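Here's the structure, in structure tokens; my notes come after.
The analysis underlying the following values was restricted to heavy atoms, covering all of them including side chains, and did not include hydrogens, waters or symmetry mates. All residue numbers in this chain count up from 1 along the given sequence. Just so we're clear, the structure is a prediction, and the values are computed from it rather than from any experiment.
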Amino acid sequence: MPVEHAGVSVATVSRVLNGHSGVREDTRARVLAAVSALRYRPNALARSLRTDQTRTLGLVISDVLNPFFTELARAVEDAARSRGYSVIIGNADEQVALQDHHVRTLLDRRIDGLLVSPAEGDSVALREAAVSGIPMVFVDRWIEGLDVPLIRADGRGAVRELVAHLYALGHRRIAIITGPVASTTSNERVRAFRSALCEFGLPLPEHYIGQGDFQTASGRQAAEAFFTLPEPPEAVFATDNLMALGVMDQLRTLGLRVPEDVALAAFDDIPWFLHTDPPITAIAQPTQELGHRAVAALTDLVEWGSPRTPSGEGCAGSVTLSAHLIARRSCGEDERTRR
């Protein structure tokens, strides 16, 4: 055991292995050297039985293939590791049934807390978890009526900024591709878009609303419908990055150019957008900070039983950050309008 080899107490070994401060550097080095020499591995199961904690968090995301959620998962893992936790990830693939399966499986494994970006629709498992008092935090998306801390970015101001940007560039016929009908984030973006169009005196006819599902294929289908209209839109706003890529694919198929024939903008900026031709104007969320704040809120619940971070609107412990517009070249911008 490292205790005898390093000549320290069990408590000191525990503090070193769990990354706690308050240990002298020479002592920490001696313990780590003993751990390495003995090839010691802590017994996680035995530790969890003693402490009633597994130092493990569950993360259930809506779609692991969506670059936004991939980046979010990375941020969550980094933040959890820095706090001495491991993360088990479940991919819901935008299906409530699969999401609920992951939630129940993670709870059966005695995770300490649960981070969830809910898929579209009601979830029996999440409602049961909330009622039973499982430490849980929603990130990006939420379920109406559940008293669960929510870490999110408010995109309403950025959507209004995008509409103003498109208007300044001369676009008047502006279409939108929405997400799933029950998606809280999609509905918020659509409401903000309608409100901004109204502010600038622009209509939003029904045939300029494409129903999507946050998947690439739905972006292609919506674009195909838009550009069979007698008067197609001058600009398209996709409320998700994958749908925006689908729009680009379909426009190429139709022989239309961005931005010469139609402007294109997206919600959820991704690194790929810098390398498309042209680079895509997008609304960016502070994804890394969302992940870090979500882990902080959840570990507060696990370790203290209540949030210790300042609360935003809604449930105690909730945090609302801001999204922002990044103008590139896909809407007809010139050097004066790009930033």
Heavy-atom distance under 4.5 Å between the side chains of [X] and [Y], does that happen here?
{"X": "Trp142", "Y": "Thr185", "result": "yes"}
{"X": "Asp140", "Y": "Gln285", "result": "yes"}
{"X": "Leu290", "Y": "Phe68", "result": "yes"}
{"X": "Arg104", "Y": "Val124", "result": "yes"}
{"X": "Val96", "Y": "Pro118", "result": "no"}
{"X": "Ile89", "Y": "Glu77", "result": "yes"}
{"X": "Val319", "Y": "Glu289", "result": "no"}
{"X": "Thr178", "Y": "Gln211", "result": "yes"}

Is the backbone of [Y] close enough, under 3.5 Å, to the side chain of [X] for a donor and an acceptor to pair up by distance?
{"X": "Thr70", "Y": "Val64", "result": "yes"}
{"X": "Ser330", "Y": "Leu264", "result": "yes"}
{"X": "Thr253", "Y": "Asp249", "result": "yes"}
{"X": "Arg328", "Y": "Ile280", "result": "yes"}

(Q) My understanding is that only residues two or more places apart in sequence, or in another chain, count here; which of them pass salt bridge (charged side-chain N to carboxylate O under 4.0 Å, His left out) with Arg257? (A)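 Once residues adjacent in sequence are excluded, the partners of Arg257 under the salt bridge (charged side-chain N to carboxylate O under 4.0 Å, His left out) criterion are Asp261.
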**Q.** Results of salt bridge (charged side-chain N to carboxylate O under 4.0 Å, His left out) for Asp122 - residues two or more places apart only
**A.**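 So Asp122 forms a salt bridge (charged side-chain N to carboxylate O under 4.0 Å, His left out) with Arg127.
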Q: State whether Arg172 and Glu231 are salt-bridged, where the test is any N-O pair (Lys NZ or Arg NE/NH1/NH2 against Asp/Glu carboxylate O) under 4.0 Å.
A: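 Result for this pair is no, no salt bridge flagged.
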Q) Would Arg74 and Asp78 pass as an ion pair if we require N to O under 4.0 Å? A)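 Yes, charged N to carboxylate O under 4.0 Å.
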No-hydrogen, no-angle side-chain donor-acceptor test under 3.5 Å, [X] and [Y]:
{"X": "Asp268", "Y": "Asn66", "value": "no"}
{"X": "Ser218", "Y": "Asp213", "value": "yes"}
{"X": "Thr239", "Y": "Arg189", "value": "no"}

Q. Relative to each other, are the rings of Tyr208 and Phe226 parallel, tilted or perpendicular (30° and 60° limits)?
A.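 Rings of Tyr208 and Phe226: perpendicular, as their planes differ by over 60°.
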**Q.** Over all atoms of both residues, closest heavy-atom pair of Asp63 and Asn91
**A.** CA-OD1, 3.3 Å
Q: Show your working on side-chain contact (heavy atoms from CB on, under 4.5 Å) between Phe227 and Leu251 and close with a plain yes or no.
A: CA-CA 9 Å; Phe227 293 97; Leu251 293 176; 3.6 Å; yes
Q. Which of these, Glu94, Glu188, Glu120, sits in a salt bridge (Lys or Arg N to Asp or Glu O under 4.0 Å) with Arg141?
A.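 Going through Glu94, Glu188, Glu120 one by one, the salt bridge (Lys or Arg N to Asp or Glu O under 4.0 Å) with Arg141 is satisfied by Glu94 alone.
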**Q.** Pairing residues for Pro259 by the side-chain contact (heavy atoms from CB on, under 4.5 Å) criterion, not counting sequence neighbours
**A.**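 If we apply the side-chain contact (heavy atoms from CB on, under 4.5 Å) test to Pro259, skipping adjacent residues, the hits are Pro278.
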